[in-house]
Amino acid sequence: MQEDLGKTEAALVEARRTHLASLRSRGNDPFAQTRYAVDATCLDLAKQYAVLGPEEKATSEIWHIAGRVMTKRGMGKTVFADVRDRTGRLQIYARKDELGDERFLDWGSIERGDVIGVAGYIFRSKMGELTLHVTDFAVLAKALAPLPDKWSGLQDVEKRYRQRYVDLIVNDDVRDTFIARSTIVAEMRRFIDSHGFLEVETPTLLHVAGGAAARPFMSHVNALDQEMQLRIATELNLKRLIVGGMERVYEIGRIFRNEGIDTTHNPEFTMLELYAAFWDVHDMLDFNEALIAHLVSVVTGGDDKLPHGDGGSISFARPFKRIGYLEGIEQHCGYTREQLLDPAGAAAILEKLGLPKSPTHGHALDKIFEHVLEPHLNDPTFVTDYPVIISPLAKRKADDPDLVDRYELFAAQMELSNAFTELNDPDDQRARFEAQIAERAKGDDEIPEPDWDFVRALEYGMPPTAGIGIGVDRLVMLLTDKQSIRDVILFPLQRQHG
RNA sequence: GCGCCUUUAGCUCAGUCGGUAGAGCAGUAGACUUUUAAUCUAUUGGUCCCGGGUUCGAGUCCCGGAGGGCGCACCA
């Protein structure tokens with residue numbers, strides 16, 4: 001499995017192996033170490049000794065830290081190095097006259113990239129930097145592969161994705177982004193849990209992947225000798241739980257869609273879906289707005305403005321903007337509700353806009369919306385009152401049956417959430433599934449086969465319920481100001497080899 | 001799927017008009033007891049993404065292919 005190395009790289013690895021052998025020859029085998037008793041992090045020490053004055057020493061306390069050597073500055077009989085752990089960096093300082101000749105030889109075999117444990121006391125150097133004065137140390141893992149340039153880091157985008165571990169070692173901003181992602185998801189859970197929701201897990205392997213329109217990935221279950229599909233949504237199973245009386249449930253889970261890859265699409269991505277019995281779309285909109293505003297506040301440290309793009313920002317001050325789906329299109333280009341809701345009218349608009357023909361009326365509406373309204377949705381905006389023909393799982397508005405109680409939240413031209421009052425009439429649901437069979441027959445192969453057991457579930461009675469889906473990756477992109485979904489997914493899909 | 005861009009040392013990057021392959025960092029050897037991209041001296045290191053072609057001669061020009069990035073298309 002070992003790849004062939006270039007001569008230069010092979011020589012670098014060989015040099016590092018020589019240092020490893022040198023350590024071992026003096027009885028210090030880095031890979032024999034199994035535990036190092038760490039009692040402080042870089043951040044702990046930075047906080048605790050922040051008040052230490054210039055050249056002041058705190059010799060009474062010995063600390064043990066562990067981390068990776070990021071730079072090393074030898075000065076003859078002394079050495080400075082920077083050690084990085086999960087919390088930050090700390091400079092360390094070692095002297096030959098204190099460690100002794102033998103141990104100082106070991107220091108010579110420590111290189112950038114090695115993982116070490118060091119014990120010592122804290123002082124502030126002449127130049128004012130907080131530093132750990134080393135009294136003892138251990139090499140905990142030897143890096144045999146050379147790290148990228150200490151100053152420019154790793155820039156090669158392909159290598160950054162394929163060898164994310166190297167990216168994380170040398171690029172602090174990348175590490176910060178993924179720390180932020182974890183914080184965002186944890187805070188999302190905390191917020192949702194505090195409203196009485198239960199986190200659940202539903203199957204990834206399904207006989208019929210439904211709940212959205214997308215081509216599924218196929219798999220095969222040997223034990224059953226049956227083809228199965230990877231889920232494209234968690235919606236139908238979560239609503240089965242609502243029927244079962246769980247009332248408030250959510251799942252943060254991986255979704256798989258066998259479609260294009262670009263800066264906002266990865267074949268596997270993370271979605272939050274949440275359902276609340278006895279809520280309607282308005283309750284959900286309020287909850288959604290509070291959740292997003294909360295996350296913005298957490299990320300910015302209390303502000304409601306997110307930095308965005310080159311020097312720009314987006315305000316998440318509540319309330320967010322609201323606009324009707326049909327009204328919005330009409331405002332921006334004058335096409336009326338009557339034209340839009342008529343299949344021939346919508347087709348005519350497509351032609352006027354110079355867009356290719358759509359296989360279905362619903363598809364045409366989506367295209368018109370994308371071209372006319374979506375480019376204007378930079379500030380967070382709730383687009384409300386979607387047509388029923390593009391909302392097969394949403395409940396009709398009581399006073400306007402062509403529309404449904406649904407909204408989507410947009411910001412930075414990205415769809416962030418999709419929510420509606422759930423259809424709970426089994427007869428209506430059956431009729432819409434039957435209509436989908438017709439759409440599928442017309443050539444829209446992304447419309448899934450109906451899940452008839454879901455209709456049966458509704459026949460047991462689902463309370464009036466509101467549901468929402470939030471694309472977690474895109475939300476993290478927005479909150480961390482990243483332009484590509486690959487910058488917020490640790491291991492984005494890449495072609496094999498390379 | 002289509003278009004544009006890109007691929008040179010372990011890393012970051014130069015490479016002019018087609019004429020012997022370059023730098024910094026890293027590495028190696030040496031000097032240096034408060035440096036911080038440490039510094040100073042010396043020095044090793046190349047499948048120029050792959051395969052063809054043109055040419056006396058190709059990193060450079062042409063054709064084909066691969067990986068990657070961006071845009072379009074696709075993606076409720």
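Chain A is the first sequence line, chain B the second, and so forth, proteins listed ahead of strands; every chain is numbered from 1.
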Side chain of [X] (C-beta onward), nearest among [options]:
{"X": "A/Ser484", "options": "B/C70, B/G67, B/U33", "result": "B/C70"}
{"X": "A/Glu129", "options": "B/U33, B/C74, B/U35", "result": "B/U35"}
{"X": "A/Ser125", "options": "B/U35, B/C70, B/U28", "result": "B/U35"}
{"X": "A/Tyr93", "options": "B/G71, B/U34, B/G69", "result": "B/U34"}
{"X": "A/Glu111", "options": "B/U28, B/A38, B/G67", "result": "B/U28"}
{"X": "A/Asn418", "options": "B/U34, B/G69, B/A76", "result": "B/A76"}

Using a cut-off of less than 4.0 Å, is there contact between a side-chain N or O of [X] and OP1 or OP2 of [N]?
{"X": "A/Arg73", "N": "B/A38", "value": "yes"}
{"X": "A/Arg486", "N": "B/C70", "value": "yes"}
{"X": "A/Lys72", "N": "B/U36", "value": "no"}
{"X": "A/Gln91", "N": "B/A38", "value": "no"}
{"X": "A/Arg112", "N": "B/A26", "value": "no"}
{"X": "A/His19", "N": "B/U28", "value": "yes"}
{"X": "A/Arg95", "N": "B/U33", "value": "no"}

Query raised in the report: For atom P, what is the distance between B/G10 and B/G65, given to the nearest Å?
Result: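 Per the computed distance, 28 Å lies between those P atoms.
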Requested in this report: Sticking with atom C1', work out how far B/G67 lies from B/G24, rounded to a whole angstrom.
Outcome: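 It works out to 27 Å between them.
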Base, sugar-phosphate alone, or nothing: which one does [X] contact when heavy atoms must sit under 4.0 Å apart?
{"X": "A/Glu98", "value": "nothing"}
{"X": "A/Arg406", "value": "sugar-phosphate"}
{"X": "A/Ala11", "value": "nothing"}

Query - Reading 5' to 3' through nucleotides 6-13 of chain B, protein heavy-atom contacts under 4.0 Å coded B for base, S for sugar-phosphate only, - for none - result: ---SBBSS
Whether [Y] and [X] form a salt bridge (side-chain N of Lys/Arg under 4.0 Å from carboxylate O of Asp/Glu) is what I want to check.
{"X": "A/Asp451", "Y": "A/Arg240", "answer": "yes"}
{"X": "A/Glu289", "Y": "A/Arg322", "answer": "yes"}
{"X": "A/Glu351", "Y": "A/Lys357", "answer": "no"}
{"X": "A/Asp428", "Y": "A/Arg396", "answer": "yes"}
{"X": "A/Lys7", "Y": "A/Glu14", "answer": "no"}
{"X": "A/Arg26", "Y": "A/Asp106", "answer": "yes"}
{"X": "A/Lys77", "Y": "A/Asp97", "answer": "no"}
{"X": "A/Arg430", "Y": "A/Glu434", "answer": "no"}

Query raised in the report: Start at the 5' end of RNA chain B and walk down; is the nucleotide closest to A/His371 or to A/His133 reached first?
Result: A/His133
When you compare the protein's N or O atoms with those of nucleotides 39-43 of chain B, which come within less than 3.5 Å of each other, and at what distance?
none

Report task. Would you tell me whether A/Gln229 and A/Ser219 have side-chain atoms, one donor and one acceptor, within less than 3.5 Å of each other? Result -> no
Query raised in the report: Between A/Thr465 and A/Glu422, is any side-chain donor less than 3.5 angstrom from a side-chain acceptor?
Result: no
